[in-house]
> 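My questions all concern the structure below.
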Amino acid sequence: MPLVFDGHNDLPWALRERFGSSVAGFGGTLDGLHTDLARLRRGEVGAQFWSVWVDPALIGAGQVTATLEQIDVVRRLVDAYPQDLAWTPTASAVREAMDAGRIGSLVGVEGGDQLAGSLAVLRQYARLGVRYLTLTWSRTTAWADSATDTARHGGLTPFGREVVAELNRIGVLVDLAHVSPATMRDALETTTRPVIVSHSGAAALCAHPRNVPDDVLARIGRDGGVVMVTFVPSFLSAARWQWVRDGEVGVPPVVDVTTVADHVEHVRRVAGRDAVGLGGDFDGTDAMPEGLSDVSGYPALLAELRGRGWSADDLDALTHRNVLRVLEVVDADYRAFLDGTAPAPLGIRPVVDVHERTRAERPRVLVVQNAKPSGPRRLGAWLREAGLEPEVVLGEEVPASLDGYAGLVMLGGGLMPDDDERAPWLARERGLAEQAIARDLPTLGICLGGQILAHVAGGTVRAKTGPKERGATQISPTSAGTIDAVLSALGEGAPMIENHEDMITVLPPSATLLASSTAVANQAFLLGEHVRGLQFHPEVSADDLLGWEEPVIPGPDDLPLAQIVAAARAVDGANTAAAHALVAAFAADVAAVAAVAAGDADRHSLTSPA
């Protein structure tokens with residue numbers, strides 16, 4: 001009987017929840033759990049990656065603290081049963097323990113949020129013996145998309161790729177369980193070391209989002225990694241997954257040892273014999289397949305595979321040899337990291353420090369960038385100068401809620417407000433606009449952003465309607481604009497940069513017109529007291545026009561780009577001064593509203609019961 005090196009077991013959290021993190025009784029029978037020492041022995045388990053998952057209800061430093069507590073659970077478990085368990089952070093240590101009849105114990109962190117955004121935290125985990133990091137759990141993080149949550153990044157963000165690179169550098173395995181297929185592919189493009197999937201199934205057999213597509217299976221096999229097949233019934237059977245989605249009514253469809261064996265064989269067929277392993281996920285889910293009700297059941301699965309023609313060598317590869325090989329590949333990096341001979345670290349800038357605390361006290365403004373070329377440019381620096389903390393997100397990263405933000409800025413992007421086919425995130429951005437209007441949150445919608453505000457509030461926006469304005473345009477406040485807290489910064493009028501063919505042809509019924517130009521009536525408007533939409537671009541200066549392109553087919557009103565730039569430069573001083581004043585006025589509006597909200601919260605806390 002070959003010894004099993006399993007990729008994922010959630011006993012540490014079960015001990016926390018059921019027994020207050022006590023490890024007493026592990027040598028007997030732990031009723032209600034899948035795992036204890038006696039059943040590990042009956043299951044011929046030779047090594048185990050213990051998951052140090054923590055509940056995502058915890059955030060930031062709370063995630064880090066709980067992770068350290070979970071690592072402590074594993075270390076205390078090993079220390080309490082030295083005759084049966086061994087701390088084995090490397091492949092050679094695992095082999096020594098298995099040869100001595102002890103169960104090797106390693107740790108994997110199950111979720112990128114447990115880093116709290118800090119690569120220093122990752123390095124400390126590695127020093128404590130963590131040997132894999134699951135890039136996400138069931139929720140999308142700030143830097144990686146999960147398979148079971150809304151995708152916000154299209155895979156990995158630049159910081160997500162930095163996480164993968166640092167994992168490679170310090171010898172911690174990249175685990176692709178739980179992540180979206182796009183994140184899987186981005187990680188495989190980024191990593192220079194083999195990866196693991198600690199507990200997933202084959203998507204070709206069951207299209208559960210937690211499973212791995214065939215192209216990824218094949219790539220992992222080619223790159224020398226290992227995919228460890230889970231035993232979670234709803235990941236293995238399409239009928240069982242449908243039963244779960246239908247509310248778990250009636251008798252569940254049967255999932256048994258043969259179902260697991262089908263996934264094992266599929267992974268072997270697509271990824272190769274040397275790329276398949278086992279990651280049961282015991283004590284991480286309630287139900288298990290028939291015949292695999294707890295950790296004593298591995299022999300039944302191996303018997304099923306043996307009956308299908310698997311040789312003793314095949315079973316050795318499946319149960320432990322493949323994962324040991326992958327671990328051994330990164331052990332050299334891990335040892336170099338521990339002894340200080342690894343290359344220089346990535347991400348040494350503190351995530352939390354005095355400056356961060358100061359930033360955290362500033363009102364936060366969400367800045368939505370709808371196209372990479374349409375960045376905030378000087379606007380971001382001006383907001384920071386005024387004491388705000390702008391958080392710039394690309395359209396794909398638009399959050400679902402404005403909770404925690406004191407203001408909103410939506411930039412341009414060469415789109416229409418309902419152009420969902422080209423920009424699927426616009427639905428979420430329209431939702432933010434509706435929230436901002438409903439809350440009367442200080443908001444500055446610029447170009448497309450202004451058109452979104454007009455659109456959701458009942459106005460009319462038409463594509464390629466009206467004059468085509470490019471370059472510097474004189475913006476003149478209306479009588480309402482001259483007394484508005486923000487638009488009054490333009491004085492009697494100021495030159496602003498324009499570049500659009502789309503037009504707000506009808507303002508929303510509740511809007512107040514704040515500014516016009518000679519050719520365009522609806523240049524700026526107000527909704528409520530604090531939501532403002534602009535068609536012009538206060539964040540754009542004359543030099544930004546150098547990146548524009550000449551029209552492919554010039555119209556009768558089109559001027560050469562050189563002439564447009566020259567005209568804009570002639571008024572650039574006035575443009576910059578007026579735009580700066582407008583942004584400062586908006587920042588003052590944000591700060592004033594935030595201060596009132598903070599005062600209300602303080603008064604509420606003083607009058608609320610303890």
Side-chain angles (χ1 to χ4, degrees), residues 2-8 46-50 87-99 104-110 119 122-123 125-135 161-177 179 184-200 212 216-229 267-268 270-279 313-314 316-343 345-346:
L3 293 175
V4 172
F5 183 173
D6 182 90
H8 195 87
Q48 181 67 62
F49 265 117
W50 302 107
W87 180 249
T88 55
T90 63
S92 60
V94 171
R95 290 192 179 96
E96 289 175 9
M98 292 170 70
D99 290 344
S105 293
L106 308 90
V107 167
V109 169
E110 190 181 5
L119 294 182
L122 171 61
R123 290 189 285 270
Y125 288 163
R127 292 183 178 103
L128 293 173
V130 169
R131 294 310 312 277
Y132 76 63
L133 173 71
T134 314
L135 298 184
R161 293 176 183 273
E162 192 174 350
V163 171
V164 171
E166 185 69 345
L167 289 167
N168 290 166
R169 188 189 73 87
I170 66 177
V172 175
L173 289 163
V174 176
D175 176 23
L176 301 183
V179 307
M184 294 178 185
R185 295 178 184 116
D186 280 357
L188 288 167
E189 288 297 325
T190 304
T191 186
T192 59
R193 300 291 187 270
V195 305
I196 68 168
V197 181
S198 64
H199 59 302
S200 294
V212 185
V216 175
L217 291 177
R219 174 70 182 270
I220 291 173
R222 288 196 304 271
D223 292 351
V226 62
V227 178
M228 309 179 84
V229 174
V267 173
R268 182 177 73 158
V270 176
R273 189 191 75 155
D274 295 331
V276 62
L278 301 175
D313 194 56
D314 293 336
D316 279 344
L318 168 72
T319 54
H320 60 268
R321 196 170 68 218
N322 292 341
V323 64
L324 278 172
R325 185 200 73 250
V326 175
L327 182 63
E328 196 161 43
V329 169
V330 299
D331 276 350
D333 300 306
Y334 183 60
R335 291 190 177 96
F337 167 65
L338 293 182
D339 67 22
T341 60
L346 300 173

> Within the structure provided, determine whether Thr319 and Leu3 are in side-chain contact (heavy-atom separation under 4.5 Å).
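Not touching, per the 4.5 Å side-chain cut-off.
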> Quick check for you: to the nearest 0.5 Å, what is the distance between Ile220 atom CD1 and Arg222 atom CZ?
10.5 Å
> Is there a donor in the side chain of Thr90 and an acceptor in the side chain of Asp331, or the other way round, less than 3.5 Å apart?
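Thr90 vs Asp331: no donor-acceptor pair found between side chains.
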> Salt bridge between Arg321 and Glu328, side-chain N to carboxylate O under 4.0 Å?
no
> Side chains of Val197 and Met184, heavy atoms from C-beta outward: is any pair under 4.5 Å?
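No; the side chains remain at least 4.5 Å from each other.
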> Measuring from Leu106:CG to Phe5:CZ, what's the distance to the nearest 0.5 Å?
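Answer for the CG-CZ pair, Leu106 versus Phe5, is 4.5 Å.
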> One thing to verify: whether Arg169 and Glu166 come together as a salt bridge, which I'm taking to mean a side-chain N less than 4.0 angstrom from a carboxylate O.
yes
> Does some side-chain heavy atom of Arg268 sit less than 4.5 Å from a side-chain heavy atom of Leu318?
no
> Over all heavy atoms of both residues, which pair between Gly224 and Arg325 is shortest? Give the atoms and the distance, please.
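Shortest heavy-atom separation between Gly224 and Arg325 comes out as O-NH2, 2.8 Å.
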> Locate the shortest heavy-atom distance separating Ala126 from Ile170; write the atom from each residue and the value.
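Distance-wise, the nearest heavy atoms are CB-CD1, 3.8 Å.
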> Check step by step if side-chain contact (heavy atoms from CB on, under 4.5 Å) holds for Val195 and Asp223.
CA-CA 8 Å; Val195 305; Asp223 292 351; over 6 Å; no
> Does any N or O in the side chain of Tyr132 come within less than 3.5 Å of the main-chain N or O of Ser198, such that one atom is a donor and the other an acceptor?
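Such a contact is absent between Tyr132 side chain and Ser198 backbone.
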> What distance do Asp333 atom CG and Thr341 atom OG1 have between them, rounded to the nearest 0.5 Å?
9.5 Å
> Any chance you could measure Glu162, atom CD, to Thr190, atom OG1, to the nearest 0.5 Å?
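Glu162 CD to Thr190 OG1: 11.5 Å, rounded to 0.5 Å.
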> Are any of the side-chain heavy atoms of Leu122 and Leu167 separated by less than 4.5 Å?
yes
> Shortest non-hydrogen contact from Ala165 to Leu346?
CB-CD1, 3.6 Å
> With heavy-atom distances below 4.5 Å as the criterion, would you say the side chains of Val164 and Leu135 are in contact?
yes
> Of Leu133, Val179, Ile196, Asn168, which is the lone residue that meets side chain to side chain contact (heavy atoms under 4.5 Å, CB included) with Val174?
Asn168
> Of the non-hydrogen atoms in Asp316 and Pro2, which two are nearest, and what is the gap between them?
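In this case the closest contact between Asp316 and Pro2 is OD1-CB, 3.2 Å.
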> Val323 and Phe49: which non-hydrogen atoms are nearest, and at how many Å?
CG2-CE1, 4.3 Å
> Are the side chains of His320 and Arg95 in touch, meaning some heavy atoms are under 4.5 Å apart?
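When only atoms from C-beta onward are counted, Arg95 and His320 do not touch, as no gap falls below 4.5 Å.
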> Between Leu176 and Val212, is any pair of side-chain heavy atoms under 4.5 Å apart?
no
> Let me confirm one number: the CG-NE2 distance from Asp6 to His199, rounded to the nearest 0.5 Å.
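Answer rounded to 0.5 Å: 10.0 Å.
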> Would you call Trp87 and Val107 a side-chain contact if the rule is heavy atoms closer than 4.5 Å?
yes
> When rounded to the nearest 0.5 angstrom, what distance separates CG in Asp314 from CZ in Arg273?
5.0 Å
> For the residue pair Arg123 and Phe337, would you count it as a cation-pi contact if the rule is NZ or CZ under 6.0 angstrom from the ring centre and within 45 degrees of the ring axis?
no
> When you look at Met98 and Thr88, which way does the side-chain contact (heavy atoms from CB on, under 4.5 Å) test go after all the steps?
CA-CA 10 Å; Met98 292 170 70; Thr88 55; over 6 Å; no
> Which heavy atom of Gly129 sits nearest to which heavy atom of Pro89, and what is that distance?
O-CB, 4.4 Å
